[in-house]
Every structure is written in structure tokens, then in C-alpha cells.
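Down below is the structure, laid out as C-alpha cells.
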Amino acid sequence: MKTLHLAGALGVFTAMGAVVSGATGKKCYSILHGVSLLLLLLMGFAMLKKPPMDHYWWMVKVVIWLFLGAAPALAKRKALPSSALLALCLIGGVAAAYLGLSKPF
């Protein structure tokens, strides 16, 4: 399960890099982004089995997941400069990895 979860994360960031850079074949990258997000979500909840309701780290990860899902729309509408959006996505990914490994709260 962890391998599929990591594969989903790699797919999300690969697709985000392609979308932000303006690569050709945007439909292909949009499909990769959506499938990878779904894989991330499903494998994440499968690893949790039952979400620990007294802990909040997994809820923060869901918010990060929602931001990563909205990032291509922000890139398309040019709501943020592409470098800032990519930096925010990377910060979100690092924060999600930290939360998943340490489960601080």
C-alpha cells in the first residue's frame, strides 16, 4: 500500500510540474494528476483503516490533498505566479510527508 501511495505522490508532482511548465499534452497530464490524486487518497485511507478521530494530522493532510487538487486550476487561471505555485506545492508535499512520518498531533 505504501508503494502505491508513494506512486500516487510521484504522479501528482510529475503532473504538476508539467502543468505549471506549460508542457504539451495537457490532457494527458490532467488525467495523470486526477488518477494520482485518487490513488493518493484511496491508499492513504486504506493505510489508516479507521481514521483516528482524536488526532488531527490526517485532517491537515486532507486539506493539503485538496490544495494539490486545485493547483492545476490555479495554474490555468494564473492566480499565482507559476514559481510561487510550484513552491507552495512542494512545501505542501514536504509538510504532508512530515505529518505522515511523525504524526505529531
Side-chain angles (χ1 to χ4, degrees):
M1 276 193 232
K2 284 184 183 181
T3 304
L4 289 175
H5 189 71
L6 289 173
L10 287 172
V12 167
F13 287 105
T14 300
M16 269 310 302
V19 168
V20 168
S21 71
T24 58
K26 288 186 179 187
K27 186 164 183 123
C28 177
Y29 294 120
S30 295
I31 291 170
L32 175 64
H33 188 260
V35 170
S36 297
L37 277 173
L38 185 63
L39 192 63
L40 253 177
L41 184 70
L42 292 178
M43 290 300 109
F45 278 119
M47 286 188 294
L48 275 178
K49 292 182 179 80
K50 182 180 175 196
M53 293 308 211
D54 56 338
H55 298 278
Y56 298 104
W57 60 269
W58 66 273
M59 293 178 198
V60 175
K61 286 186 73 161
V62 169
V63 170
I64 293 170
W65 180 84
L66 289 170
F67 171 73
L68 290 175
L74 295 173
K76 183 179 178 183
R77 293 189 171 103
K78 303 213 184 293
L80 292 170
S82 59
S83 59
L85 183 62
L86 199 54
L88 285 173
C89 287
L90 288 174
I91 289 168
V94 169
Y98 169 76
L99 289 171
L101 291 173
S102 67
K103 301 171 183 56
F105 51 91

Besides Val35, the hydrophobic cluster formed by Ile, Leu, Val, Met, Phe, Trp and Tyr side chains linked at under 4.5 Å, directly or via other members, contains Ile31
When rounded to the nearest 0.5 Å, the distance separating OG of Ser36 from CG of Leu39 is 6.5 Å
Rounded to the nearest 0.5 Å, the CE atom of Met16 sits from the CG atom of Leu85 at a distance of 4.5 Å
More than 12 foreign heavy atoms under 6.0 Å from OH of Tyr98: is that the case here? no
Closest heavy-atom pair, Ala71 versus Cys89, reported as atoms and distance to 0.1 Å, is CB-SG, 3.7 Å
The reported gap from CE in Met47 to NZ in Lys49 (rounded to nearest 0.5 angstrom) is 9.5 Å
Sequence neighbours excluded, the answer for side-chain contact (heavy atoms from CB on, under 4.5 Å) partners of Ile64 is Val60, Leu68, Ala95, Ala96, Leu99
Report, as yes or no, whether the 6.0 Å neighbourhood of atom NZ on Lys103 holds more than 12 heavy atoms from other residues, nucleotides or ligands. yes
Correct closest heavy-atom pair for Val12 and His33 would be O-CD2, 3.9 Å
With the 4.5 Å side-chain cut-off for hydrophobic clustering, are Leu74 and Val19 part of the same group? no
With sequence neighbours left out, the residues meeting side-chain contact (heavy atoms from CB on, under 4.5 Å) with Thr3 are none
Correct closest heavy-atom pair for Val20 and Ala75 would be CG2-CB, 4.3 Å
Give the cluster check for Tyr56 versus Leu41: same hydrophobic cluster or not, with ILVMFWY residues linked at side-chain heavy-atom distances below 4.5 Å.
yes
Margin query: With clusters defined by side-chain heavy atoms of hydrophobic residues (ILVMFWY) lying less than 4.5 Å apart, directly or transitively, does Leu66 cluster with Trp57?
Written below: yes
Would you say Leu4 and Leu10 are hydrophobically clustered, going by side-chain heavy atoms of ILVMFWY under 4.5 Å? no
Is there a donor-acceptor pair under 3.5 Å between the side chain of His5 and the backbone N or O of Leu40? yes
Here the gap from Leu32 atom CG to Phe13 atom CZ, rounded to the nearest 0.5 Å, amounts to 12.5 Å
message: Let me check something: do Leu37 and Met59 share a hydrophobic cluster, defined by ILVMFWY side-chain heavy atoms less than 4.5 Å apart, either directly or through other members?
response: yes
